[in-house]
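Naming: A, B, ... by sequence-line order, numbering from 1 per chain. On a predicted model such as this, the values are computed, not experimentally measured, just so you know.
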There are 2 protein chains.
Amino acid sequence: MIDINKISDSTIRRLSKYYRTLNELIEKNVETVSSNEIANINSITSAQVRKDLSFFGTFGRRGLGYNTFLLKDNIATILGLKKTWNVGLVGFGNIGHALLQYQEFKKQGFIIKAIFDSDPAKVGQIIEGVVVNPIADSCEISKETQIEIIIIAVPPKNAQSLVDHFISCGIKAFLNFAPTSLKVPENVLVKNENMSIELEALSFFLTNKA
Amino acid sequence: MIDINKISDSTIRRLSKYYRTLNELIEKNVETVSSNEIANINSITSAQVRKDLSFFGTFGRRGLGYNTFLLKDNIATILGLKKTWNVGLVGFGNIGHALLQYQEFKKQGFIIKAIFDSDPAKVGQIIEGVVVNPIADSCEISKETQIEIIIIAVPPKNAQSLVDHFISCGIKAFLNFAPTSLKVPENVLVKNENMSIELEALSFFLTNKA
DNA sequence: AATTGTGAACCTCTTCACAGCT
DNA sequence: AGCTGTGAAGAGGTTCACAATT
């Protein structure tokens, strides 16, 4: 068994990229790929690709490279993508709408099974076959629907109390789109999707470049 | 002058977080803050906060901490947020819609000045005071409107050719929401907003946790 | 007494370089 | 000959610890 603490966030993030690269190659009917080709596509070094994979096993063949199908399948296992994940969406504003219809999530196996919103005008709506429920019922529905991950897509001021609420319902993993930092107990996972941060990085480089 | 090559991406990303933290503190009328308080809010160490700032100057007072207004202002200067940035949005689907109405961008000074879409049905629409233009006119309009950053919000298969197009129009900075990796010349900046990556990280940890 | 600013120590991640396999 | 897998070296980022300041 892999010691999860020895694996860096960077490695996991790159594995996601390799996974996407392999999907693209498979779509193009490519059957074999070298670490060097994967590296070039992702603008990194081939040693990095091989080292990342080496934490989890040996998937290639010396002299030949990697079979795209096999490697894709192995990365899917590593990342836990051999199953689908039941996802709950909290906040059905602009971002919530966009996420519901974002095909990439579904493609990777993240299925939005329930939507929650505090606005009575939105409650009851059915979009893409998913009903918008009131927050009041969210614990019960999360359990019934076996929600494993909650996406937070509400204004920043409401985010923390909603996270606290869902933690009390037993949810252990959150993807946070609200531009605020969240406090959670040690056994709960939060990943932040901070869309301004990358724009600010562009701003920094444009401003400070030679 | 700062040597931009000595500043890591991590530092810039954290500066964005400090900036947001300061805005939140200022909203609460907090006038002074210590590196330790900033660190706690962002779940890092105080030494990290001080070290990050030290690359750019000395902004605090020993024994007293930092003035929130002053530090916010200094970080705004560092990140290039003392001006507004003219942004063009390519692709007016679900994500494009959501981004146009995402208040956080406007708040940070990233103003969407033009929208481009290849769909004739969308061209001519006016939303939030911004017109949807055809791609054919995009070079001209980008120049007129002095667009500095282009946000890519189109399906992955169209992303690369659109980036190439806008590079030929003189655009030097892109924020890419399409789930594909883009190739650009060395003097062009691309930052990727890969919304699946964080979900996959959650999937990894949920799958491999003890 | 409190807190910054920072060189030095430490640790982690990346790259090198080559043995080993096909 | 070509390419992987990996220990070791190197680079880079983080934390320590303390002098300096209020």
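- A donor-acceptor pair shorter than 3.5 Å can be found between the side chains of B:Asp52 and B:Thr11.
- Taking only side-chain atoms of A:Arg50, from C-beta outward, the nucleotide of D:dG7, D:dT4, D:dT14 with the closest atom is D:dT4.
- Contact annotation: side chain of B:Lys6 to base of D:dG12, donor-acceptor pair absent below 3.5 Å.
- A:Ile7 has its CD1 atom 12 Å from the P atom of C:dT14, to the nearest Å.
- Along DNA chain C, the nucleotide nearest B:Phe59 and the nucleotide nearest A:Ser8 are compared for position; the residue whose nucleotide lies closer to the 5' end is B:Phe59.
- Taking for each of B:Gly63 and B:Asp9 the nucleotide of DNA chain D with the nearest heavy atom, the 5'-most of the two is the partner of B:Asp9.
- The phosphate of D:dC3 (OP1 or OP2) has no side-chain N or O of A:Ser35 nearer than 4.0 angstrom.
- We find that CG of B:Asn74 is positioned 15 Å from P of C:dT4, with the value rounded to whole Å.
- The residue among A:Leu64 and B:Ala47 whose nearest nucleotide of DNA chain C lies closer to the 5′ end is B:Ala47.
- Around CD of B:Glu31, the count of heavy atoms belonging to other residues, nucleotides or ligands within 6.0 Å does not exceed 12.
- Between the CD1 atom of B:Ile12 and the C1' atom of D:dG13 there is a distance of 14 Å, rounded to whole Å.
- Separating the CZ atom of B:Phe56 from the P atom of C:dT4 is a distance of 18 Å, rounded to the nearest angstrom.
- Put simply, the side chain of B:Arg62 and the base of C:dT3 share no donor and acceptor less than 3.5 Å apart.
- Using the six-membered ring where Trp is involved, A:Phe204 and B:Phe56 have ring planes that are perpendicular, over 60° apart on the 30 and 60° scheme.
- Side chains of B:Thr180 and A:Glu24: a donor-acceptor N/O pair is present below 3.5 angstrom, by distance only.
- Under 4.0 angstrom from either OP1 or OP2 of C:dC13 there lies no side-chain N or O belonging to A:Arg14.
- What separates NZ of A:Lys51 from C1' of C:dC18 is a distance of 13 Å, to the nearest Å.
- In terms of phosphate contacts, A:Tyr66 brings no side-chain nitrogen or oxygen within less than 4.0 Å of OP1 or OP2 of D:dG2.
- Taking atom CZ of A:Arg61 as the reference point, atom P of C:dG20 lies 20 Å away to the nearest angstrom.
- Of the options B:Leu25, B:Thr21, B:Asn67, a side-chain contact (heavy atoms from CB on, under 4.5 Å) to B:Val33 is made by B:Leu25 and by none of the others.
- If you measure from atom CG of B:Asp52 to atom P of D:dT15, you get 10 Å, rounded to the nearest angstrom.
- Atom pair B:Asn36:CG and D:dC16:C1' shows a separation of 15 Å (rounding to whole Å applied).
- Of the listed nucleotides (D:dA17, C:dT15, C:dT4), C:dT15 has the atom at the smallest distance from the side chain of A:Gln48.
- In the set C:dT15, C:dT4, D:dT6, the nucleotide with an atom closest to the side chain of A:Thr45 is C:dT15.
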